[in-house]
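All residue numbers refer to positions in the sequence shown, counting from 1. Computed from a prediction, not measured in an experiment: that's the story for all the values here. Because only heavy atoms are used, hydrogens play no part in the values below, and waters and symmetry mates are left out as well, while side chains stay in.
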Amino acid sequence: MKEFLSGNEAIAKAAYDAGVQFAAGYPGTPSTEILENIAKRYIDVYAEWSPNEKVALEAASGASMAGARALASMKHVGLNLAADPLMTLSYTGVNGGLVIVTADDPGIHSSQNEQDNRHYARFAKIPLLEPSDSQEAYDLTKLAFEISERFDTPVILRTTTRISHSKSLVSIKKTAKRAVKKTAIPNNIEKFVMIPSYARERHRIIETRLKRLQNFSDKFPYNRHENKKGKIGIITSGIAYQYVKEVCRDIPVLKLSMTYPLPVNLIKRFAKGFKKVYVVEELDPFLENEIKALGINVIGKEKLPSFGELNPDIIEGALIGKRKRIRKNKLMLPVRTPIMCAGCPYLGIFYTLKKLGLFVAGDIGCYTLAALSPYNAIDSTLCMGAGICQAFGMEKVLKEEERKKLVAVIGDSTFLHSGITGLMDIVYNKGITTVIILDNSTTAMTGRQDHPSSGFTLKGEETKEVNIAEICRVIGVERVRHINPFNLSEIENIILEEINQKMPSVIISKSPCVLLKHKSRVHRQPSLTVDLSACNGCMACLKIGCPALERVEKDNLSLVTINTMLCNGCRLCVDLCRIGAISS
C-alpha cells in the first residue's frame, strides 16, 4: 500500500504502526503536524499539547518508564527547554521505546535562530537518525523505537523544514494488528533514580552503549554506498542527499541516515578509494568535523555555506564549478511583508505602545510581527518567556524615571509555556515591571492550536480553562487589569496608569483570534467603508497596520479604501479618522 505523505504525516503514521501509546509536544513550525495527525487520525493513541517541551518530554519519559512506546515532538528551539530531562534520560535509559523528534529550521523560515540540533545527540550520547524523504521518515521512525528498546536509550529523530513539509509516496506494510506493549508500574530504583551513586554507574553504561551503537551504525542498512566508481566521493545526509543526487548523479555517494554515532569503519572504507571527498550538509560542519577527527581529509564548509538552506544550484556551483542558468524571463513573485490579520486584537495594543514611545520587551508569537513597519513597536525578542525577564533585568539597572518606559508583552500560550516564572521573579524580587498578556485563546502563529487556558485539548475535547488572571494574583500580583483591545483610549489610559505604579502590574487583553472557529467572535461587526469624497488622504488610519486598509488613487490624490473581504469591523480605524470618513 502506498500513501502520499509529508514527512510529518509519515512520522505520525509510523509512530502509530510502531505501537506508540503516548505522544506529547508543544506546537512549533515545522513539527506541529506530527501531533495533530496523531490526534486526528489515530484516536487510540493518547496525544496532548503539553504546556511546554520540557513537560512533553518528561511526560513521555513517564509513559516509557511504564513500558509504553512514547513520542515527544518539538521544533529545534524546543529541545533547548527539554535538554534538562534529555541529558539525564540518556543515563536512565528507557523501558518502552522513547523517540524525540526535533524539527530543525535551516533558512529560519519561522524561528528565532538556525541552531543545528545534531549536536544534542553527541552532547547526550544518544543515537541520531536523519531521514531524507517521507519514506525514510516513516521507516526510520519505526526503527527508532526498535533501536531505543534494543540499546536502552532515547533516540533523536532529526528532520528539517523541507523534510517535514515536502510530500512523497510512502510504501506502508499492512499489519494484522497494531502491537501495543503491556504497561506496569516500574520497580527499578538503580535505573530510574539518578542520585550520584546510581548516576555514576549509569554513566559507565552509557560509554559501553555508545561503542555498541557505533558497531550497529556500521551495519545499519540505511547508511549506504551508491555509485562506487569515480575520482571523488561525497558523504551526505538528510535533505542534502536529495540535492546531491539531483546534480551529481554519477558521483559516488555515501548516504548516512544514522549520523551519530558515525559508522566509522564504513566511512574509512568509502574514503580510501577517492582523491577528494566532499561532505555536503546543511548548517554546521557536524559530519565534517567528526570525519576529520578520524584522520580523514575531507572538504566541506570551505566550499559550502554554514548558514541557510542548501539547494541544487549551490551544490552544483561548489562541487562542479558552475550553476544552472537562471532564465531571464523567470517570474518574480511580489514580496509580501508579514503583517497581522485584519481585526486582530493586537493591532490597537501595538499602535498605542508605539504612540507612547515605550520600550517593549517582546516574545515569540504573532505579536512578534509588531517589530516590523508600520508598528515598529517590539524592541527585543529572545526566546519563549524571555521578554518578561528581560524587562525586569532592565528595570533593575535603569534609573527610576527610565523604568517607567518599560513594558513586557507576551501571549497567553507563551505565558503558560514559560512566562509564569518570569512574572514570579518580578514579584519575589520587588520589581515594578508592567506585563501585558495578549490572550487570544489559542497558540495562533503555529496554526491556532489549543493550550491549557483555551478550554480544549489536542483532541478537541472540552476541558477546564486555566485562569490566567488568577495565576497572576496567586503568585502575588495585586494589580491585574483587563482592557478592551478595540478601545484605544482605554488601552492608553490603563497602560499609562500601570507603568506609573510602584509595584508589579499585569494588563490582560482578552479577545479571541479572528481565525478561531470554536470561539464566538465577540468583536466581529459589519464591514466598514470609506467615503472617498470626505477622505483627505491624511493616512492616519494606516498607522493601525490593518491589511484591510488599502491605498487608492483618485483624481491624482492618494486616498484610503477598505477591502470589505478582509474587514472584520473592529472600528479601530474609525477612532483614528478625525474627519469621520469611515463608517459602517
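- Nearest heavy atom pair, residue Ser237 against residue Leu256, reads CB-O, 3.1 Å.
- The pair Lys292-Glu288 meets the salt-bridge criterion, since a charged nitrogen lies less than 4.0 angstrom from a carboxylate oxygen.
- By the 4.0 Å N-to-carboxylate-O rule, Lys459 lies too far from Glu48 to be salt-bridged with it.
- Applying the side-chain hydrogen bond (donor to acceptor under 3.5 Å, both in side chains) test to Ser168 and every residue at least two apart in sequence or in another chain returns Ser134.
- No side-chain donor-acceptor contact under 3.5 Å links Lys181 to the backbone of Ala68.
- The environment of Asp44 atom CG is dense: over 12 non-hydrogen atoms of other residues, nucleotides or ligands sit within 6.0 angstrom.
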TODO: Please test Lys13 against Glu9 for salt bridge (Lys or Arg N to Asp or Glu O under 4.0 Å), starting from the C-alpha separation and ending with a verdict.
DONE: CA-CA 6 Å; Lys13 173 64 175 169; Glu9 291 169 333; over 6 Å; no
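- Of the possible polar contacts, one joining the Gln449 side chain to the Thr446 backbone as a donor-acceptor pair under 3.5 Å is found.
- Comment: Lys301 does not engage Asp284 in a salt bridge, judged by the lack of any side-chain N to carboxylate O separation of less than 4.0 angstrom.
- The nearest pair of heavy atoms linking Asp104 to Arg118 is OD2-N, 4.5 Å.
- By the 4.0 Å N-to-carboxylate-O rule, Lys255 lies close enough to Glu136 to be salt-bridged with it.
- The shortest non-hydrogen separation linking Ser73 to Leu35 is CB-CD2, 3.3 Å.
- Partner Val506 forms a side-chain contact (heavy atoms from CB on, under 4.5 Å) with one of Ile437, Ile410, Ile388 and no other, that one being Ile437.
- Salt-bridge formation is not detected for the pair Glu201/Lys191: no Lys NZ or Arg NE/NH1/NH2 atom is positioned less than 4.0 Å from an Asp or Glu carboxylate oxygen.
- Taking the charged nitrogens against the carboxylate oxygens, Asp152 and Arg202 do have a contact shorter than 4.0 Å, which makes a salt bridge.
- Taking each heavy atom of Ser132 and Tyr241 in turn, the nearest pair found is OG-CD2, 3.9 Å.
- Residues Ile364 and Thr414 share a closest heavy-atom pair of O-OG1, 3.0 Å.
- Counting only distance, with no hydrogens or angles, the side chain of Glu114 and the backbone of Asp105 share no donor-acceptor pair below 3.5 Å.
- Atom NZ of Lys396 is surrounded by more than 12 heavy atoms from other residues, nucleotides or ligands within 6.0 Å.
- Contact between Leu262 and Ser217 at its shortest, heavy atoms only, is C-OG, 3.6 Å.
- With salt bridges taken as basic N to acidic carboxylate O contacts below 4.0 Å, none links Glu207 and Arg209.
- With rounding to the nearest 0.5 angstrom, the CG atom of Asn223 is 6.0 Å from the CG atom of Leu266.
- For Asp116 and Arg158, the salt-bridge test passes: some basic side-chain N is under 4.0 Å from an acidic carboxylate O.
- Asp218 places a side-chain N or O within 3.5 Å of a backbone atom of Asn265 that can act as its donor or acceptor partner.
- Taking the six-membered ring where tryptophan is involved, the planes of Tyr120 and Phe123 are essentially parallel, since the angle between them stays under 30° and well short of 60°.
- In Ile195, the CD1 atom is crowded: over 12 heavy atoms of neighbouring residues, nucleotides or ligands sit closer than 6.0 Å.
- For the pair Arg69 and Glu149, the salt-bridge criterion is met [side-chain N within less than 4.0 Å of a carboxylate O].
- Ring planes of Tyr91 and His203: tilted class, angle from 30 to 60°.
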